[in-house]
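Read through the structure below, which is laid out as structure tokens, and then see the notes.
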There are 4 protein chains.
Amino acid sequence: MSRVRSAEKRSAILEAAVDEIAEAGLGAATAKIARRAGIATGTLFTYFATKEELLNELYLELKGEAYARMNAGFPQKGSLEERARHVWMSYLEWAIEAPRKRKVSVQLNVSDVITPETRVRAAAGRSFFDATFAELGELDAVRALPQGFAAALMGAIQEATMEFIAKNPKERERLKEEGFRVFWRALQ
Amino acid sequence: MSRVRSAEKRSAILEAAVDEIAEAGLGAATAKIARRAGIATGTLFTYFATKEELLNELYLELKGEAYARMNAGFPQKGSLEERARHVWMSYLEWAIEAPRKRKVSVQLNVSDVITPETRVRAAAGRSFFDATFAELGELDAVRALPQGFAAALMGAIQEATMEFIAKNPKERERLKEEGFRVFWRALQ
Amino acid sequence: MSRVRSAEKRSAILEAAVDEIAEAGLGAATAKIARRAGIATGTLFTYFATKEELLNELYLELKGEAYARMNAGFPQKGSLEERARHVWMSYLEWAIEAPRKRKVSVQLNVSDVITPETRVRAAAGRSFFDATFAELGELDAVRALPQGFAAALMGAIQEATMEFIAKNPKERERLKEEGFRVFWRALQ
Amino acid sequence: MSRVRSAEKRSAILEAAVDEIAEAGLGAATAKIARRAGIATGTLFTYFATKEELLNELYLELKGEAYARMNAGFPQKGSLEERARHVWMSYLEWAIEAPRKRKVSVQLNVSDVITPETRVRAAAGRSFFDATFAELGELDAVRALPQGFAAALMGAIQEATMEFIAKNPKERERLKEEGFRVFWRALQ
DNA sequence: GATGAATGAGGTTTCATTCAT
DNA sequence: TATGAATGAAACCTCATTCAT
């Protein structure tokens, strides 16, 4: 039997990619990523056929990780506000814990390497709380706006909130809460 | 006297940079930018010593252009809502008119090439309507949040709004207005 | 296992560098050196990280080669004159055989690319006959001069001798001998 | 009447070239030389048609300056040793006073930019004390060696001496004297 | 599968020289 | 003459990807 592609190595590459891209931008060299992952340059390409594929997979991974966090402990039966608050808080916690991951996720999102198909696949991870966003979209405040606006709005306000948490880490808890309240008020 | 450094050429380079970066990302080749600007490769470097400098100047230029738009026709004596609405609308109009510029502006903003000093210089262009944001920051909804949150919030919601305008260009006017109303409500 | 860095290729690069530099000076293009060595442009940089490193290694190589010649057949137990004569003759023979190498060695020596550290490392190769120079330094003629003067003196007179051998190759043997006698007399 | 090429500017260029080459090697940029000379890039080329010409003229200038020093106060009627000593001392003094000029002179000499014709023209400046070298060449010690050997020998030993003076500036006078004695003994 | 040397196109920047002013 | 912007070939070096081992 031949050796098998190891999941550990795959993860090591993705983690190394996060670090390297956080430091050097999307232009980060595959060779450096490989070295950081503790593997040979060539090995990287047995896990990801091209750099573009690596980047797309990374995007999926990061989105997936964030979504997993939001899905965990999701109060399926809570009130709309409770569910919205859960999503808000759990994403922010992930972003605070892994700022480089969030940074890279943003860079990937803004770039053109991520294919529409990848974006679609990434969105699939939201299944759990998508219903919540659908409900939010029904609120008077945004009913006249396209589907998805509520989600985008949350993302946007979180982005702004993150920025300030990064600057005042000690006020983290308060900022998380206040941020949510601003978001919530926007929807009333 | 020798030939004089022409403002037209400088502008041509910056415009070419916008187009090229919009298509190829921040990795866009200086040689291609030069060709698109109709000058020789070397000439670019008599206007901008390094690519990094070009990128920083471009950021300044784009921010400046957007701010100029917001400053133009600013209703100095209008109500707070009128002034906020002006800022909201004029930025969105600029972003809609020049989507590539906005896109590049976002990419630059997210990247690490823009120095803190450039960011400070860019912020200087906001003088006119900064007072408005200061006033917004005094509203109950965001009083507990750090200075600058209102501005960041507007940027964030605009970002979300832009995304949807890009997808539904025909609804532009309505989306602009609805977006503002969401923003405004968040502050009440 | 991957392909292994080949000593032959390394040598080929160094030899090509000698030829290219002899023809074009220290400004010789790395691309041309690579082509002459029969490898791709990029390959050169897997053997030498930068051109500067290549130049320093080349210096080491050339000095090493010359010193190896002088060490070979060194009459450890011969009289001072015999030992000095051996050093004198063997260096000149090397320089005559490989005039381009000597030329490049001189250019490198005069330039600022060779780091002090490289110079120190190069000097290490003289171990064998250093004792001889130390003894020469004790002779009355140069005792009042700094340590190392005798060695520098030999180098200088050899330089002058070389020049004339290059012009009158047929008189090589006589000039080698006469040159040594002038050197030797200077020390008496 | 049109403006005339100014001798001052020419000198300024040559001096700037010395400084720039001493710092950056023969690859020094003409534009930097021009800036250092306080003139425009283009102006340099009205004084020297090409960089190569500039370099050749510089060589001539430096050799000329050194020779002028040796010619000054030349003891036409002194003994052979007195005359030789004068040449020895005055060159060393020049080299000590203007180490960068000497350094550049050496670099030029070793390179291939200096044409044979320039070398011939440079040699012309030695007229005054050439007779002395001719006489030195008649001494038994070097009679069997080609014409010019005595001069080359002096140059070579001076080179060695210079090196040590550079390292021990305080012993300058003693080293100058001792160096000469070594040279003189070599000829006896 | 794993390795890392090899490849060569392409990236940024420099530079001697020209030429409009 | 003087100026310095303009030129574009070339320089050094990087990098995604391939492939011999």
Side-chain angles (χ1 to χ4, degrees), chain A residues 1-6 9 24 27-35 38-55, chain B residues 1-6 9-10 24 27-35 38-54, chain C residues 1-6 9-10 24 27-35 38-54, chain D residues 1-6 9 24 27-35 38-55:
Chain A
M1 202 189 88
S2 80
R3 263 167 292 183
V4 144
R5 276 191 304 198
S6 98
K9 254 171 216 174
T30 51
K32 279 191 185 161
I33 294 173
R35 168 149 48 241
I39 58 165
T41 5
T43 304
L44 187 149
F45 291 92
T46 71
Y47 287 84
F48 305 95
T50 64
K51 186 182 182 182
E52 202 181 312
E53 185 180 315
L54 164 61
L55 260 19
Chain B
M1 262 276 290
S2 82
R3 258 169 288 186
V4 133
R5 243 184 349 206
S6 93
K9 231 163 252 181
R10 203 190 112 100
T30 52
K32 284 191 183 162
I33 294 173
R35 167 151 40 242
I39 57 168
T41 23
T43 305
L44 186 150
F45 293 93
T46 70
Y47 287 83
F48 306 95
T50 63
K51 185 181 182 180
E52 201 181 312
E53 186 180 313
L54 165 60
Chain C
M1 263 276 292
S2 82
R3 258 169 289 187
V4 133
R5 247 187 341 211
S6 92
K9 231 163 253 181
R10 203 189 113 100
T30 52
K32 282 191 185 162
I33 294 172
R35 167 151 40 243
I39 57 167
T41 23
T43 304
L44 187 149
F45 294 94
T46 70
Y47 287 83
F48 306 95
T50 63
K51 185 181 181 180
E52 202 180 313
E53 187 181 312
L54 164 61
Chain D
M1 202 191 86
S2 80
R3 263 167 293 182
V4 145
R5 278 194 302 200
S6 99
K9 254 170 217 176
T30 52
K32 279 192 186 162
I33 294 172
R35 169 150 46 243
I39 60 165
T41 5
T43 305
L44 187 149
F45 292 90
T46 70
Y47 287 83
F48 306 94
T50 64
K51 186 181 181 181
E52 202 181 314
E53 184 181 316
L54 164 60
L55 259 20

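Naming convention: chains lettered A, B, ... in sequence-line order (proteins, then strands); numbering from 1 in each chain. All values reported here derive from a predicted model rather than from experimental measurement.
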Closest to side chain of Lys51(A), choosing from dC15(E), dA16(F), dG11(E): dA16(F)
Search all heavy atoms of Leu44(B) against all heavy atoms of Thr30(B) and return the closest pair with its distance. CD1-O, 3.6 Å
Sorted by position of nearest nucleotide on DNA chain F, 5' first, the leading residue of Thr43(D) and Thr50(C) is Thr43(D)
Among all residues two or more places apart in sequence or in another chain, which pass the side chain to side chain contact (heavy atoms under 4.5 Å, CB included) test with Arg35(C)? none
Return the value, rounded to whole Å, for the distance between atom CD of Glu52(A) and atom C1' of dC15(F). 16 Å
Could you tell me the separation between the CG atom of Leu54(D) and the P atom of dA16(E), rounded to a whole number of Å? 10 Å
Which heavy atom of Ala34(A) sits nearest a heavy atom of Ala40(A), and at what distance? CB-O, 3.8 Å
With a 4.0 Å cutoff (strictly under), does any side-chain N or O of Thr30(D) reach OP1 or OP2 of dC15(E)? no
Does dA5(F) have its OP1 or OP2 closer than 4.0 Å to a side-chain nitrogen or oxygen of Thr46(B)? no
Could you tell me the separation between the OH atom of Tyr47(B) and the C1' atom of dT7(F), rounded to a whole number of Å? 13 Å
Exam field: side chain Lys51(C) to backbone Ala28(C), donor-acceptor pair closer than 3.5 Å: yes
Does Thr41(C) have any side chain to side chain contact (heavy atoms under 4.5 Å, CB included) partners at least two apart in sequence or in another chain, and if so, which? Ala31(C)
Base, sugar-phosphate, or nothing for Ala28(C), non-hydrogen atoms under 4.0 angstrom? sugar-phosphate
What residues, two or more places apart in sequence or in another chain, satisfy side chain to side chain contact (heavy atoms under 4.5 Å, CB included) together with Ser6(B)? Glu8(B), Lys9(B), Tyr47(B)
Taking donor-acceptor contacts at under 3.5 Å, does the side chain of Thr41(D) reach the base of dG4(F)? yes
Roughly how many Å is it from NZ in Lys32(D) to C1' in dC15(E), rounded to a whole number? 10 Å
Test of understanding: with salt bridge (charged side-chain N to carboxylate O under 4.0 Å, His left out), list the residues that count as partners of Arg5(C), not counting sequence neighbours. none
Could you state the atom-to-atom distance from CZ of Phe45(D) to P of dA5(F) in whole Å? 16 Å
In whole Å, I'd like the distance from the CG atom of Leu44(C) to the C1' atom of dT14(F). 13 Å
With Watson-Crick and G-U wobble geometry limited to distances under 3.5 Å, how should the secondary structure of DNA chain F be encoded in dot-bracket form, using | for bases paired to another strand and [ ] for crossing pairs? .||||||||||||||||||||
To the side chain of Arg3(C), which of dA11(F), dC15(F), dA20(F) is closest? dA20(F)
Can you check the Leu55(A) CG to dA16(F) C1' distance for me, whole Å? 12 Å
Whichever of Ala40(D) and Ala31(A) has the more 5' nearest nucleotide on DNA chain F, that residue is Ala40(D)
Considering just the side-chain nitrogens and oxygens of Lys9(B), establish if one lies under 4.0 Å of OP1 or OP2 belonging to dA6(F). yes
Nearest-angstrom distance from the residue atom CZ of Arg35(D) to P of dA2(F): 19 Å
